[in-house]
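The structure appears below as structure tokens.
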Amino acid sequence: NEDVMAADRDGLSSEVNLIPEIGLVDCGKEELIPASAMPGGRKVGDMVHAILEDLLTGGQCVVGDEADLKMALRPLLELHMPRIQLASCWEEKLAEMLTRCLVQNIPDVGEGFRLLDLPREQLACEMPFLLRSGDRETPVDFEQFASAFERSKCPEYAKRARQIDLKGLKGFLSGFIDLTFLWEGKWYLLDYKSNRLGTRVSDYGRESLKEAMVMHDYVLQYHLYSVALDQLLRQRVPDYSYESHFGGAIYLFLRGFDGK
């Protein structure tokens, strides 16, 4: 299992922004997913991140159809899979999963939007950030911090936030956002997750995804990411307005892409 501290190299902060929730798609299917039995862990997650970054920033995504995209994926899989000792029998299923990730429509961003269509000049992979997380004069108020989630789109996370025991936290939080991109005048952040939530497509439905977002502190994570991106855009975008320029946060649970 991944968590916000290890898999994403991030810690915690008291700064919470109330981010509009992007809709979850409830698939309601019982078919087995192609990658349900594929090994998991940090190395597999890092490999998938590296391959998607190579595709999005290296120009390999400029392809004619899904078959061409799979062909572009193969040399990257053949390069990375032996490095983590992942058996070659998973190459076809990984190629299918990553292809579907790139060609799947994400309607909350825009009608017909696909990651495959993103111009390289409108995206940034692994964007670093630095957030202040309290100091000697103004320590983090975790009760106020947790209460903010009660007014958010995921109020059930407030209970879990109150269990965070980081008294005396001060200094800075640093991390990396998997993908930030601009689409039709709005900025979005996107995070890839390779968690295994089950063996069937229905295990990646609305309730299962919401439970995973709370259990693994991804609710907290996307708020931190959003604060970081909002602060950057305020410095870089002329006449910036959160309401006008901030599009939202997207979490892609990659194993849930069933290839259909």
Side-chain angles (χ1 to χ4, degrees), residues 1-10 25 27-106 114-116 118 123 125-126 175-179 190-205 208-209 211-213 215-218 221 250-260:
N1 288 335
E2 298 175 358
D3 58 54
V4 70
M5 300 292 285
D8 295 280
R9 297 159 292 178
D10 300 336
V25 177
C27 50
K29 297 181 182 178
E30 290 303 318
E31 292 89 346
L32 288 173
I33 56 175
S36 60
M38 187 180 72
R42 176 74 179 271
K43 290 182 179 180
V44 172
D46 287 348
M47 179 194 72
V48 168
H49 281 68
I51 290 173
L52 289 170
E53 181 176 350
D54 286 346
L55 279 168
L56 291 170
T57 61
Q60 292 96 325
C61 275
V62 184
V63 293
D65 55 25
E66 291 186 28
D68 291 334
L69 182 54
K70 283 185 181 179
M71 289 296 293
L73 275 163
R74 292 196 184 283
L76 293 172
L77 289 167
E78 291 169 0
L79 173 67
H80 287 280
M81 289 175 64
R83 294 177 175 176
I84 64 168
Q85 299 180 327
L86 184 62
S88 59
C89 63
W90 294 109
E91 182 179 320
E92 182 62 32
K93 290 181 173 62
L94 269 170
E96 183 67 42
M97 181 184 80
L98 295 175
T99 296
R100 295 307 305 163
C101 166
L102 291 163
V103 302
Q104 181 70 46
N105 175 237
I106 304 178
R114 308 179 304 169
L115 288 179
L116 182 67
L118 272 176
L123 63 86
C125 294
E126 297 294 328
F176 301 85
I177 301 174
D178 286 351
L179 178 67
L190 185 147
D191 201 87
Y192 311 110
K193 297 300 180 190
S194 58
N195 306 50
R196 287 185 290 186
L197 304 185
T199 60
R200 300 183 181 277
V201 177
S202 58
D203 292 325
Y204 292 79
S208 295
L209 293 181
E211 182 180 348
M213 291 291 290
M215 181 186 307
H216 298 291
D217 296 308
Y218 297 152
Q221 183 187 55
I250 304 161
Y251 273 57
L252 295 184
F253 285 77
L254 300 175
R255 291 178 190 255
F257 288 93
D258 64 347
K260 297 180 181 180

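- A distance of 9.5 Å separates CG in D178 from CG in L252, rounded to the nearest 0.5 Å.
- The two residues N195 and R255 come nearest to each other via the heavy atoms O-CD, 3.4 Å.
- For the pair K193 and Y251, the cation-pi test (distance below 6.0 Å, angle within 45°) is failed.
- A87 approaches M81 most closely through the heavy-atom pair O-CE, 3.0 Å.
- The distance from the NZ atom of K70 to the CG atom of L73 is 9.5 Å, given to the nearest 0.5 Å.
- I250 is not listed as a side-chain neighbour of D191, based on a closest heavy-atom distance of 4.5 Å or more.
- To the nearest 0.5 Å, the span separating SG on C125 from OH on Y192 amounts to 6.0 Å.
- A 4.5 Å side-chain heavy-atom check between M47 and L94 finds at least one atom pair inside the cut-off.
- Around atom CD of E78, more than 12 heavy atoms belonging to other residues, nucleotides or ligands sit under 6.0 Å away.
- A distance-only check finds a donor-acceptor pair linking the side chain of Y204 to the backbone of L197 [under 3.5 Å].
- Taking each heavy atom of T57 and E53 in turn, the nearest pair found is OG1-O, 2.6 Å.
- Using modelled atom types, one side-chain atom of H49 and one backbone atom of G45 make a donor-acceptor pair closer than 3.5 Å.
- Between L77 and L86 there is no side-chain heavy-atom pair separated by less than 4.5 Å.
- For the atom pair R100 CZ and L69 CG, the distance stands at 10.0 Å (nearest 0.5 Å).
- A heavy-atom distance below 4.5 Å is not found between the side chains of M97 and W90.
- The shortest distance between side-chain heavy atoms of L115 and L123 does not fall below 4.5 Å.
- L55 and A72 get closest at one heavy-atom pair: CD2-CB, 4.3 Å.
- A donor-acceptor pair is defined here as one N or O able to donate and one able to accept, closer than 3.5 Å; such a pair exists between the side chain of D203 and the backbone of R200.
- Distance CD1/I106 to CG/L190: 6.0 Å, rounded to 0.5 Å.
- With contacts defined as side-chain heavy-atom distances shorter than 4.5 Å, the pair L102/L52 qualifies.
- The main-chain N or O of N105 is never found under 3.5 Å from a side-chain atom of R114 such that the two would form a donor-acceptor pair.
- In this structure a side-chain-to-backbone donor-acceptor pair under 3.5 Å is missing from R74 to E91.
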Legend entry - Candidate pair I177 and E126, rule side-chain contact (heavy atoms from CB on, under 4.5 Å), full reasoning: CA-CA 5 Å; I177 301 174; E126 297 294 328; over 6 Å; no
